[in-house]
Protein chains: 2
Amino acid sequence: MTSEPAESIRTAGLRVTAQRLAVLGALDGMPHADTEALHRAVRRTLPGITLQSVYVVLGALTEAGLIRRIEPAGSPALYERRIGDNHHHAICSRCGAVQDVDCVVGHAPCLHPSDAAGFAVQTAEVTFWGLCPACQNA
Amino acid sequence: MTSEPAESIRTAGLRVTAQRLAVLGALDGMPHADTEALHRAVRRTLPGITLQSVYVVLGALTEAGLIRRIEPAGSPALYERRIGDNHHHAICSRCGAVQDVDCVVGHAPCLHPSDAAGFAVQTAEVTFWGLCPACQNA
DNA sequence: CCGTTATTACGAATAATTCACAATAAGCCC
DNA sequence: GGGCTTATTGTGAATTATTCGTAATAACGG
């Protein structure tokens, strides 16, 4: 039901290239991957692609709103394909594992600060830090 | 009313050094400064201090819980002296200005995700992105 | 199929941060 | 107060993540 990747790229006003399709495709199996991991994955189908091109592709797709970039403290930037819903992340402070977390039901207010000192708030980003199930046993 | 900086450093199990005192002192006038800005500030009273030492000092103070490090996307790490209260930040997506934002009154629940997929959540970090008052006029 | 223009490749550069190791100084004991 | 032990700082280089300039390539509209 997801619209064709090629079409969504075109609709965003971008040219459809093998590199962009490959990055989007790789991202499907890697919900929160960094640039290097994506480069490794994409290389399997596109052996010649350079790391720098993956950076450029990710930048373009992010700017076009086709993917989302998150930049957790102490980690390189991660990319995800799930967009449009306002979801947040739980990150393991020990191993770095990332889990999507739906916005707390009925608490959308947490996205509207009582006092933002005159800021015109556009988005709210919530990150939960803790231990993932695996790291709790250690 | 703030306890003596020297004492708080000692209480944290750290040795009291001129460098640590200077960094803490500089941080008083710069609520959300990055390492380089702090280095410049500290140099005024401690001309010989190196940038690397500022990094080390900030790391030690952060680990000891005397200051707090925030790492906004697209910015170097910032440090602040206000700790212990669970406050958040509004950041201008245009100029990078940072404002403290108190936790939404009565909505502490925003710190407890409905489903964290088994994560043992220890802290919640909220960042509001938008335009600061100055940048709204542009 | 051709030309225009976006996109990618290539190579180098930069920014932020960390590391290894030697020099220094804090704090404790006497 | 002097000396000892060990934490801390200074020095210089290395690393990681990312960006930039420019030439080569490929998408897509005519």
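By convention in this document, chain letters (A, B, ...) are assigned in the order of the sequence lines, proteins followed by strands, and residues within each chain are numbered from 1.
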Just to be sure I understand the rule, does A77(B) reach a base, reach only the sugar-phosphate, or reach nothing, if contact means heavy atoms closer than 4.0 Å?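 The residue A77(B) makes sugar-phosphate contact but no base contact.
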
Less than 4.0 Å between a side-chain N and a carboxylate O, is that true for R81(B) and D100(B)? no

Nucleotide [N], atom [atom2] - distance to [atom1] of [X] in whole Å:
X	N	atom1	atom2	value
L51(B)	dT9(D)	CG	C1'	13 Å
L58(B)	dT8(D)	CG	P	14 Å
Y55(B)	dT8(D)	OH	C1'	19 Å
I9(B)	dA7(D)	CD1	P	17 Å
R20(A)	dT25(D)	CZ	C1'	14 Å
L21(A)	dA27(D)	CG	P	10 Å
Q52(B)	dA23(C)	CD	C1'	15 Å

Is F128(A) close to V101(A) at the side-chain level, that is, under 4.5 Å between some pair of heavy atoms? yes

Considering only heavy atoms from C-beta outward, does the side chain of T35(A) approach that of P76(A) to under 4.5 Å? no

Non-neighbouring partners of [X] that pass side-chain contact (heavy atoms from CB on, under 4.5 Å), sequence neighbours left out:
X	result
T45(A)	A22(A)
R94(A)	C92(A), L131(A), C135(A), A138(A)
E71(B)	A73(A), R69(B), A77(B)

Residue pair F119(B) / P133(A): nearest heavy atoms and the distance that separates them: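 Nearest pair, atom of F119(B) first, then P133(A): CD1-CD, 4.0 Å.
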
Can you see which heavy atom on Q122(A) is nearest to which on S93(B), and at what distance? OE1-OG, 4.0 Å

Among pairs that include at least one residue of residues 11-24 of chain A, which meet side chain to side chain donor-acceptor pair (under 3.5 Å), considering only residues two or more places apart or in two chains?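 For residues 11-24 of chain A, and leaving out neighbouring residues, there are no side chain to side chain donor-acceptor pair (under 3.5 Å) pairs at all.
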
Which residue pairs pass the ring pair (Phe, Tyr, Trp, His ring centres under 6.0 Å) test when at least one of the two sits in residues 12-31 of chain B, sequence neighbours left out? none

Under a 4.0 Å heavy-atom cut-off, which of residues 63-71 of chain B touch DNA chain D? none

Using a side-chain heavy atom cutoff under 4.5 Å and only I, L, V, M, F, W and Y, what cluster partners does V16(A) have? I9(A), L14(A), L21(A), V23(A), L24(A), L27(A), M30(A), L38(A), V42(A), L46(A), I49(A), V54(A), V57(A), L58(A), L61(A), L66(A), I67(A), Y79(A)

Other members of the hydrophobic cluster containing L51(B), with the 4.5 Å side-chain heavy-atom rule, please.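 L51(B) clusters with Y55(B).
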
Tell me the bend of the helix from dC1(C)-dG30(D) to dC30(C)-dG1(D) as the angle between end helix axes, each from five pairs, rounded to the nearest 10 degrees. 40°

What residues, two or more places apart in sequence or in another chain, satisfy ring pair (Phe, Tyr, Trp, His ring centres under 6.0 Å) together with H89(B)?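 Checked H89(B) against ring pair (Phe, Tyr, Trp, His ring centres under 6.0 Å); matches are H32(B), H87(B).
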
Under 4.0 Å, heavy atom to any atom of DNA chain C: which of residues 33-46 of chain A qualify? none

Considering only heavy side-chain atoms of P76(A), the closest of dT8(C), dA17(D), dT11(D) is dA17(D)

dG10(D), OP1 or OP2 - any side-chain N/O from S53(B) closer than 4.0 Å? yes

Check the phosphate of dA26(D) against Q19(A), side-chain N and O only, distance under 4.0 Å to OP1 or OP2. Yes or no?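 Q19(A) to dA26(D) OP1/OP2: no side-chain N or O under 4.0 Å.
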
Test item: E125(B) side-chain N/O and H88(B) main-chain N/O as donor-acceptor pair under 3.5 Å: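 Checking the backbone N and O of H88(B) against the side chain of E125(B), no donor-acceptor pair under 3.5 Å is found.
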
Starting from the 5' end of DNA chain C, give me the residue, V56(B) or T50(A), whose nearest nucleotide shows up first. T50(A)

Treating primed atoms plus P, OP1 and OP2 as sugar-phosphate and everything else as base, which nucleotides of nucleotides 24-30 of chain C get B, S or - for protein heavy atoms under 4.0 Å? -BBS---

